[in-house]
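Numbers restart at 1 for each chain; the letters A, B, ... are given by sequence-line order, proteins then strands.
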Protein chains: 2
Amino acid sequence: MMQRWLTIGEASRRCGWSPRMLRYLEQEGLVVPGRSESGYRRYGIRELNQLNALAELRARFDVELAEVEFALRLRREPALSAAVETWLAGTSVPEAEQPAPAWVEWEQLKHERLLATPTAA
Amino acid sequence: MMQRWLTIGEASRRCGWSPRMLRYLEQEGLVVPGRSESGYRRYGIRELNQLNALAELRARFDVELAEVEFALRLRREPALSAAVETWLAGTSVPEAEQPAPAWVEWEQLKHERLLATPTAA
DNA sequence: TCAACCTTGACACGACTCTGATAGGGTTGG
DNA sequence: CCAACCCTATCAGAGTCGTGTCAAGGTTGA
């Protein structure tokens, strides 16, 4: 059976990332290859795909690694995802009122109360 | 009728962000208040809500502003959103095969071809 | 009028990100 | 055996982020 895994150097030559960056991407949890028995990183088709897609994101959309990591976090932390969704809900519609999440409504009430008080600190 | 708008200083005292940061948040497009005729920023309930939610995101989830901006971009740029989704698709399932987006499949084929070639640079 | 606000613009600083380079040492394969 | 690779760890440097502060000037309201 043919060899299915690339070493870091081979992968580097195939995808344009330097070996240094491949190690960095692993450290950041973005592209995490398996390891051989002796500890060598092993890159397969899956990892090459990820690396290509990542390079594409940076080149075409000027996306930072931290932002891709954030997308990962959003996928993994539903509570975070919900909180961000809640924040986004407050940004889109300037005038129209539409059903907001419950806690937004009471925050709103709180602020209406605050706005009614005489500016005293 | 009562005053419905706060100046930057008043808003600052209400939400915990410094005036400097309120200007920065506006510059980053995260919380953009309206303006009075003479150019003063006017913060209303909507903006106070956004500011609170933003502070919450930072305090509870240690989210950077750039990351929230990214969430905004995702909402506004469908192409970016699709690209990120594509990348995420390659990250989740280690062994199981499941229907991937079309271009991922041909990328995969391309790499399989590459893997079959004799490592020549 | 005048104090207390507001505006924009700029400089500055610590912390962090991204990336290369280098050092000391293990693995592999002909 | 030994060249060519891999590993971890560390330093370094340019760039960005988040934030404070200061300067020069306009607005507001008692």
(request) Nearest whole angstrom, please: distance from the P of C/dG26 to the CZ of A/R35. (result) 17 Å
(message) To the nearest 0.5 Å, what is the distance between CG on B/L22 and SG on B/C15?
(response) 5.0 Å
(message) On DNA chain C, compare the nucleotides closest to A/L65 and A/Y40; which residue's is nearer the 5' end?
(response) A/L65
(message) Of the listed nucleotides (C/dT8, C/dG20, C/dA10), which one gets closest to any side-chain atom of A/R20?
(response) C/dG20
(message) Is the shortest side-chain heavy-atom distance between A/F70 and A/L80 below 4.5 Å?
(response) yes
(request) Nearest whole angstrom, please: distance from the C1' of C/dT19 to the CD of A/E26. (result) 17 Å
(request) Using atom CG of A/L25 as one end and atom P of C/dG20 as the other, report the distance to the nearest whole Å. (result) 11 Å
(request) Quickly work out the A/Q27 CD to C/dT17 P distance and round it to whole Å. (result) 10 Å
(message) In this structure, how many angstroms lie between the C1' atom of C/dC18 and the CG atom of A/L22, rounded?
(response) 14 Å
(message) In this structure, how many angstroms lie between the P atom of C/dC5 and the CZ atom of B/R23, rounded?
(response) 13 Å
(request) For residues B/W87 and A/V68, report the shortest heavy-atom separation together with the two atoms involved. (result) CZ3-CG1, 3.4 Å
(request) Go through the steps for B/R75 and A/L88 under the test side chain to side chain contact (heavy atoms under 4.5 Å, CB included), then give the verdict. (result) CA-CA 9 Å; B/R75 162 91 23 131; A/L88 283 171; 3.5 Å; yes
(request) Write down the distance between CD (B/E64) and P (C/dC18), rounded to a whole number of angstrom. (result) 9 Å
(message) What's B/R42 touching, base or sugar-phosphate or nothing? Going by heavy atoms closer than 4.0 Å.
(response) nothing
(message) Taking B/E26 first and then B/R35, would you say they form a salt bridge - that is, a charged N and a carboxylate O separated by under 4.0 Å?
(response) yes
(request) Could you tell me whether B/R41 contacts a base, only the sugar-phosphate backbone, or nothing, with contacts defined as non-hydrogen atoms closer than 4.0 Å? (result) sugar-phosphate
(message) Is there a side-chain contact between A/P33 and A/R42 in this structure, where contact means two heavy atoms from C-beta onward sitting under 4.5 Å apart?
(response) no
(request) May I ask you to test the A/L6-A/R13 pair for a side-chain heavy-atom distance under 4.5 Å? (result) no
(request) Please list, in 5' to 3' order, the outermost nucleotides of DNA chain D lying under 4.0 Å from any heavy atom of chain B. (result) D/dC17 to D/dT28
(message) Closest-nucleotide mapping onto DNA chain C: is A/S38 or A/W17 further toward the 5' terminus? I mean the 5' end.
(response) A/W17
(message) Just the rounded figure in Å: distance from P of C/dT17 to CD of A/E28.
(response) 7 Å
(message) Categorize B/S18 for me: base, sugar-phosphate, or nothing, with a 4.0 angstrom heavy-atom threshold over every strand shown.
(response) sugar-phosphate
